[in-house]
Structures are given as C-alpha cells and as structure tokens.
Amino acid sequence: MKVTVRKKWIIWIFSICFVAVLTNIECVRAGDMQRNDIQGRTVSVASSTLSFNISSTGTAKVVCRIQGKSGVTKTTVKVQLQKNRAGVWTTVRNWSKTGGENLTLSKTYKVSKGTYRAVAKVSADHEVKSLISRDATY
C-alpha cells in the first residue's frame, strides 16, 4: 500500500510540474511583488500621469499627461472632475484635449465644500488607459 501512495504522489507532483512548464507559470512569493510589477503591456502609451489637488481656497487643479511611444500620431486626454454626493460620484466638469505624441492638459476649477476626485481616459492612437486620482476634500 505504501508504494502505491508514494507513486500517486510522485505522479501528482510530476503532473503539476509538467503543467507549470507547459503554461510558463512563474512562481513568485507575494512579498517579492510590488504594486508596479502588475501592469498591462502597452502598445502606444509610453507613460501617463494624473495629479489632482484642492487648495485651501477651494481651487481644484487637475494635470493629466500622456506620452506616446515613438511613431504615435494622435493622443487624447479626457478628464472628469467628480464630486461625491451621498456615496455617488457625479461629474461636475469635463475637459478634453487632443494633440501629437505628447500632451498635457492642465485645468483649474473653483469648487464648493465636499469631496472630489479626477477621472481621466488617455489614449495614444487606439490604446486607451483609465486613471483615477486620490480623493481630495475642501
């Protein structure tokens, strides 16, 4: 009986290793990974950023940048300023801009008391990425 159980374990372990090799699975300890290690492969977007803050006087500032990879002919930035109303994010203001390989959209807007965030969609040629800022309260 011992030999049969041992054979089953060996076959089971071999099967797992075989599947792992065939599917090209890479084992990584959770502690070895960082947030930036998990990201999609981009075709046209070299980098994109979204920054958002509200000054002590209630002026919200949004800056969104996209840099296309070499050869990109069209980039677009669409930004929404959203306010949290009873747990629901509603759009207060929209901005958009289109340009060449590199593009920056920078806008300010006077806000009333409340919690806000910026949501952006940036695109380079036909690749689209979504960005969401941290919340800011005035």
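All figures in this text were calculated on a predicted structure; none of them were measured in a lab.
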Regarding [X] and [Y], is there a side-chain donor-to-acceptor distance under 3.5 Å anywhere?
X: Thr59; Y: Thr108; answer: no
X: Ser112; Y: Lys83; answer: yes
X: Ser133; Y: Arg117; answer: no
X: Thr73; Y: Asp125; answer: yes

To the nearest 0.5 Å, what is the distance between [atom1] on [X] and [atom2] on [Y]?
X: Ser130; Y: Ile132; atom1: OG; atom2: CD1; result: 7.0 Å
X: Gln82; Y: Phe52; atom1: CD; atom2: CZ; result: 10.0 Å
X: Ser44; Y: Glu101; atom1: OG; atom2: CD; result: 10.5 Å
X: Leu105; Y: Ser96; atom1: CG; atom2: OG; result: 8.0 Å
X: Tyr109; Y: Ile54; atom1: OH; atom2: CD1; result: 12.0 Å
X: Lys69; Y: Ser47; atom1: NZ; atom2: OG; result: 10.5 Å

Residues in side-chain hydrogen bond (donor to acceptor under 3.5 Å, both in side chains) contact with Arg65, at least two apart in sequence or another chain: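 Counting only residues at least two positions away or on another chain, Arg65 forms no side-chain hydrogen bond (donor to acceptor under 3.5 Å, both in side chains).
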
Tell me if a side-chain donor or acceptor on [X] pairs with a main-chain N or O of [Y] at a distance below 3.5 Å.
X: Thr91; Y: Arg93; value: no
X: Gln67; Y: Asn102; value: no
X: Lys74; Y: Thr98; value: no

Nearest atoms (heavy-atom pairs only) where Glu127 meets Val45: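 Glu127 and Val45 have their closest heavy atoms at OE1-N, 3.2 Å.
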
Let me check something: do [X] and [Y] share a hydrophobic cluster, defined by ILVMFWY side-chain heavy atoms less than 4.5 Å apart, either directly or through other members?
X: Trp95; Y: Val77; value: yes
X: Tyr138; Y: Leu81; value: yes
X: Leu131; Y: Ile66; value: yes

side-chain contact (heavy atoms from CB on, under 4.5 Å), paired with Tyr116, selected from Thr137, Val111, Asp135, Asn53: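 One option only clears the test, and that one is Val111.
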
